[in-house]
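Single-structure report; data block below.
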Amino acid sequence: MKRFVFLSTVKVNGEISGARPFRADDPPNPGDDYARSKFEGEQELGRIGAESGMQTVCIRSPLVYGPGVGANFLRLLAWAHRGVPLPLALIDNARSLVSVWNLCDLIHTVLRHDGPIDRTLMVSDGHDVSTPVLIRMLAAALHRPARLFPMPSALLQTLSRLAGAAEQFTRLCSSLQVDIQDTRERLNWSPPLTLEMSLGRTADWYLDSRTPRHD
């Protein structure tokens, strides 16, 4: 049985999940070129699959982290390691994440699954967290104290916009959750690593990458 696995993104559903987590069957709402290109890829694969009989499985993931992670997640690691005071203590959001280990395990499960899978699947670590909780977990994994202080979110948003960092504010402070219940039930799958374990492995990589090597 031919099966094609396409790594997509939850951004196909949108940038902010709102009152409940995104599900695979929610109406698409891609908000930028990257998300639109992923959605177009899903549609084209669906067309090819319908014509050829090949199974196409699209996996929509939230932020993927692990060794080599960059962008905002790497900044959070660096800030937590350096003990930078951050005005995020009052942020009340919920974010889904997925470690590279849990994502790879799902891909492996999909490839080895005996029954038909011709659908879109959501993936995450199965434990959503707020940005302040994530920073505290990262700090603990790095053996550093978390230094968070309160600032009203409206003021923080205004300052971020004035600093030209409105997009970073949205990614750090809004909610973006995915519902993986359908993935769990259809594949009898659960993330093998907890969020804490995955963050610990990522913190170990970060610390190791900063250690000078002498050949």
Please step through side-chain contact (heavy atoms from CB on, under 4.5 Å) for the pair V64 and F73, ending with a clear verdict.
CA-CA 9 Å; V64 181; F73 199 96; over 6 Å; no

Derivation and outcome, side-chain contact (heavy atoms from CB on, under 4.5 Å), residues L106 and T183
CA-CA 9 Å; L106 177 61; T183 304; 3.8 Å; yes

side-chain contact (heavy atoms from CB on, under 4.5 Å) between V10 and V123, worked out
CA-CA 9 Å; V10 67; V123 64; over 6 Å; no

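Remark: the backbone N or O of R23 is paired with a side-chain donor or acceptor of N13 at under 3.5 angstrom. Of the possible donor and acceptor atoms, none in the side chain of N102 sits under 3.5 Å from a partner among the backbone N and O of S99.
Under a hydrophobic clustering in which Ile, Leu, Val, Met, Phe, Trp and Tyr are joined whenever their side-chain heavy atoms come within less than 4.5 Å, directly or via other members, L207 and I135 fall into the same cluster. Residue L121 is not grouped with residue F4 when hydrophobic side chains (ILVMFWY) are merged at heavy-atom distances under 4.5 angstrom, including chains of intermediate members. If you chain together hydrophobic residues whose side chains sit under 4.5 Å apart, I16 and L63 never meet in one group. I59 is not connected to V12 by any chain of hydrophobic side-chain contacts under 4.5 Å among Ile, Leu, Val, Met, Phe, Trp and Tyr, and they are in different clusters. Residue F39 is not grouped with residue V5 when hydrophobic side chains (ILVMFWY) are merged at heavy-atom distances under 4.5 angstrom, including chains of intermediate members.
Heavy atoms of other residues, nucleotides or ligands lying less than 6.0 angstrom from CG of D25 number more than 12. Counting heavy-atom neighbours within 6.0 Å of R20 CZ, excluding the residue itself, gives a total above 12. At most 12 non-hydrogen atoms from other residues, nucleotides or ligands lie less than 6.0 angstrom from CD of E196.
Looking at heavy atoms from C-beta onward, L199 lies in side-chain contact with L195 at the 4.5 angstrom threshold. Counting heavy atoms from C-beta outward, L90 and L156 have side chains that stay 4.5 Å or more apart. Between L193 and R201, some side-chain heavy-atom pair lies under the 4.5 Å cut-off. N93 places none of its side-chain heavy atoms less than 4.5 Å from the side chain of L176. A heavy-atom distance below 4.5 Å is not found between the side chains of F6 and V57. Counting only heavy atoms from C-beta outward, the side chains of L138 and W79 never approach each other to under 4.5 Å. Annotation: side chain of I91 is not in contact with side chain of L172 (no heavy-atom distance under 4.5 Å). Proximity of D125 to Y65: side-chain heavy atoms (C-beta onward) are separated by under 4.5 Å at one or more points.
Summarising the geometry of P132 relative to A89, their closest heavy-atom pair is CG-O, 4.1 Å, with the distance given to 0.1 Å. The nearest pair of heavy atoms linking R60 to T9 is CG-O, 3.6 Å. Heavy atoms only, all atoms of each residue included: R3 and L111 are closest at NH1-O, 3.9 Å. Nearest approach of V98 to S61, heavy atoms of both residues: CG1-CB, 4.1 Å. The shortest heavy-atom contact between P191 and G126 is CG-N, 4.2 Å. Residues L142 and L77 approach most closely at CD1-O, 3.6 Å, considering heavy atoms.
The pair D179-R184 does not count as a salt bridge, with every side-chain nitrogen at least 4.0 angstrom from each carboxylate oxygen. A salt bridge links D32 and K11; the closest N-O separation between the charged side-chain nitrogens and carboxylate oxygens is under 4.0 Å. The residues R36 and D33 are annotated as salt-bridged, a charged nitrogen and a carboxylate oxygen being separated by less than 4.0 angstrom.
Atoms CG and CD, on L45 and Q55 in that order, are 13.0 Å from each other to the nearest 0.5 Å. Of the inter-residue distances, the one linking L103 atom CG with L7 atom CG reads 6.0 Å to the nearest 0.5 angstrom. Note that NE2 of H108 is 14.0 Å distant from NE2 of H113, once rounded to the nearest 0.5 Å. Between the CE atom of M122 and the CD1 atom of I180 there is a distance of 11.0 Å, given to the nearest 0.5 Å. Here the CZ atom belonging to R47 is positioned 11.0 Å from the CD atom belonging to Q43, to the nearest 0.5 angstrom. Considering NZ of K2 and OG1 of T56, their distance stands at 13.5 Å, rounded to 0.5 Å.
Between the side chains of Q177 and S96, no donor N or O sits under 3.5 Å from an acceptor N or O.
Classification of the Y206-H81 ring pair by plane angle, with boundaries at 30° and 60°, yields perpendicular.
Partner of R95 under the side chain to side chain donor-acceptor pair (under 3.5 Å) criterion, chosen from S130, S174, S175, S17: S174.
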